[in-house]
Amino acid sequence: MTRHIRHAAFFCALLLVALLVNATRIQLFEARSYDDNVANRRPVIARYGQPRGDIKVGGEPVTGSRDTGEHLRYERTYVNGPMYAPVTGFASQVYGTTLLEHSEDGVLAGTDPLLSPFPLWRGAAVGDRNPGGDVLTTLHRGAQEAAFEGLGGRKGAVAAVEPATGRILALVSSPSYDPSVLSGNGSAVPRSWQSLNHDPDKPMLNRAVRKTYPPGSTFKVVTAAAALDSGVIEELDDPTDSPDPYRLPGTRTKLTNPSKGCADVPLRKAFEWSCNTVFAKLGVRVGVDRMAETAKAFGFNDPGVRIPFSVAESTFDTKVDRAQLALSSIGQYNTRATPLQMAMVSAAVANGGQVRSPYLVERTTRAGGSTVATAGSSPARQAMRPSTARLVKELMVDVVREGTGSNAWIPGATVGGKTGTAQHGLGNSGTPYAWFVSWAQGDRDLEPKVAVAVVVEDADADRGEISGGGDAAPIARAVMEAVLKSPSDGRR
């Protein structure tokens, strides 16, 4: 009898060992395959089983979480969703995440190990999850509102940055959409998804950072900097020896100007009245290598810009002949830029020739408010000599005081700007894009406080009356006023 008991005990021990081996195999070696299995609902249930952290502007949340009482308990909500959609993106139970909701998902969802004071201890527990943390943005609420209201639903975008730091103060794309329509998992969500994706106006396209445009005459800021830095132009009031019209090198094509009186004018007047012929010839005299070098210093041809989500690459073609270079130098041909890139160009002028990398997240915090991470200072890149920056600032101030940018003038402030109308479409048949880039410094401020770029795709004026000064400059002015009149921290 004792022998049978020993055999049974031995067999039970073998079963126990087999069970432990199998459990070890599953938990240590096959855990990932089970976690990734589409039939495994536990990660999804855990993800939506607690409120998501918030994205904040000026210390106030622009997102929230709603308890649905369903299996996937919490779904995302948005405050002024269309206005902040180009920043927040969406967090959908069906279609995933985009923009800040995606790049900061670890913090917001509570999975980032840095959210725990003891990350190694807490991280060892399967399915363990900290409360979602918060993401504090650099946005200036007043500037964001001014940009959104200024566009008024017209196709276009606005980007504003703080020149000395690179903080993004406004990021607006229009037309926009409400991210909350994609939040849950009901039958209305797929319908909203289909409707948004088939909308010809592309409301989910982030025009401020994900679409590039021909920058038109606003690119003449870069060309002026290259001409001054290279010594092609030494004095703003010296004649430029520029014919009107200007025959593009190696062709029979003659480039003209929208206004008369551009023949041989000095750089000051050419910039003030946006003479294409002067800047096209200057670009050719500077040469493709030096033009490309200057454009790169401003931020063009850099595919790695992140704020923290990715930004479309702004481009200046480095393989062009002299005729193509002439057109590239006035912001046409293959020259393309995002509104954020052109805000960086204006910021470089305002900041003494230095470019600061733009960023959108000031800091991340735990649910209790303690800091997880803060934005580190990025090294400045010298886009042009400080002496050149002073001269280009002078040119931009003249545009607002006496030229095409008078609609951006602000009492009690120094404002510099550059207008632009960019041709596009087959044979330039499309309605020109209206551009305006600018910066502003209050009379009591020690340095410029804001740099702005505005592009309007579907300006209301007739084709012959479209101008950056008429359509885009008033929007830029409203954004700059919002920043200048706010407290010194600029984000409340």
Side-chain angles (χ1 to χ4, degrees), residues 56-60 62 80 83-84 86-87 136-152 156-174 208-209 218 221 307 339-352 354-362 375 393 396-397 399-401 405-418 435-456 468 472-492:
K56 296 184 175 182
V57 175
E60 298 296 326
V62 296
N80 293 322
M83 183 165 69
Y84 291 108
V87 174
L136 282 66
T137 70
T138 59
L139 291 183
H140 184 292
R141 186 179 293 272
Q144 186 81 0
E145 292 174 352
F148 185 76
E149 293 171 2
L151 283 172
V158 179
V161 300
E162 187 176 69
T165 63
R167 290 187 180 97
I168 296 175
L169 304 178
L171 206 65
V172 169
S173 176
S174 178
V209 297
T218 60
V221 174
I307 60 171
L340 179 60
Q341 172 59 61
M342 294 313 297
M344 290 169 61
V345 168
S346 187
V349 176
N351 195 39
Q354 290 189 332
V355 179
R356 293 284 183 179
S357 297
Y359 65 97
L360 187 55
V361 175
E362 193 72 73
K393 281 183 73 174
M396 294 182 75
V397 169
V399 168
V400 174
R401 286 179 176 172
S406 59
N407 282 336
W409 179 73
I410 299 173
T414 301
V415 181
K418 182 70 188 80
W435 275 95
F436 192 73
V437 298
S438 59
W439 53 266
Q441 177 177 349
D443 288 348
R444 296 184 179 181
D445 294 328
L446 299 178
E447 59 187 7
K449 292 297 183 182
V450 58
V452 184
V454 178
V455 61
V456 180
I475 302 172
R477 181 187 63 222
V479 173
M480 292 186 292
E481 283 181 322
V483 175
L484 292 180
K485 73 180 182 182
S486 65
S488 59
D489 66 3
R491 292 176 298 283
R492 298 190 178 183

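Quick note: numbers below take in every heavy atom, side chains included, and nothing from hydrogens, waters or symmetry partners.
Here the closest non-hydrogen pair linking Ala453 and Pro339 is CB-O, 3.2 Å. Residues Ser174 and Leu151 share a closest heavy-atom pair of CB-CD1, 3.8 Å. In terms of heavy atoms, Ala343 sits closest to Ala451 at O-CB, 3.8 Å. Scanning both residues, Pro163 and Ala347, for their nearest heavy atoms gives CB-O, 3.8 Å.
Looking only at side-chain heavy atoms (C-beta outward), Thr138 and Tyr359 come within less than 4.5 Å of each other. Val345 is not listed as a side-chain neighbour of Val437, based on a closest heavy-atom distance of 4.5 Å or more. Between Thr137 and Val62, every side-chain heavy-atom pair lies at or beyond the 4.5 Å cut-off. Using a 4.5 Å heavy-atom cutoff, the side chains of Thr165 and Arg356 are not in contact. Residues Met396 and Ser346 meet the side-chain proximity criterion, which asks for heavy atoms closer than 4.5 Å. At least one side-chain heavy atom of Val400 sits under 4.5 Å from a side-chain heavy atom of Trp409. In this structure the side chain of Leu340 reaches within 4.5 angstrom of the side chain of Pro358, judged on heavy atoms.
Here the CD atom belonging to Glu60 is positioned 10.5 Å from the CG atom belonging to Leu136, to the nearest 0.5 angstrom. Going from atom CD of Glu162 over to atom CD1 of Ile168 covers 11.5 Å, rounded to the nearest 0.5 Å. Rounded to the nearest 0.5 Å, atoms CE (Met480) and NZ (Lys485) are 13.5 Å apart. Once rounded to the nearest 0.5 Å, the distance linking CD1 of Ile410 with CD of Gln441 reads 12.0 Å.
Looking at Gln144, its side chain never comes within 3.5 Å of a backbone N or O of Tyr84 through a donor-acceptor pair.
Under the rule for a side-chain hydrogen bond (donor to acceptor under 3.5 Å, both in side chains), Lys393 has no partner lying at least two apart in sequence or in another chain. Every residue meeting the side chain to side chain contact (heavy atoms under 4.5 Å, CB included) condition with Ala147, not counting sequence neighbours, appears here in chain and number order: Val158, Val172, Val479. Residues that satisfy the side chain to side chain contact (heavy atoms under 4.5 Å, CB included) test with Ser173, not counting sequence neighbours, are Pro86, Asn206, Arg207. The side chain to side chain contact (heavy atoms under 4.5 Å, CB included) check on Ala164 picks up Asn351, Glu447, with sequence neighbours excluded. For Val397, the side chain to side chain contact (heavy atoms under 4.5 Å, CB included) partners at least two apart in sequence or on another chain are Arg401, Thr414, Trp439.
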Inset, instruction - With side chain to side chain contact (heavy atoms under 4.5 Å, CB included) as the test, would you mind laying out the steps for Val483 and Leu169 before giving the verdict? - result: CA-CA 8 Å; Val483 175; Leu169 304 178; 4.1 Å; yes
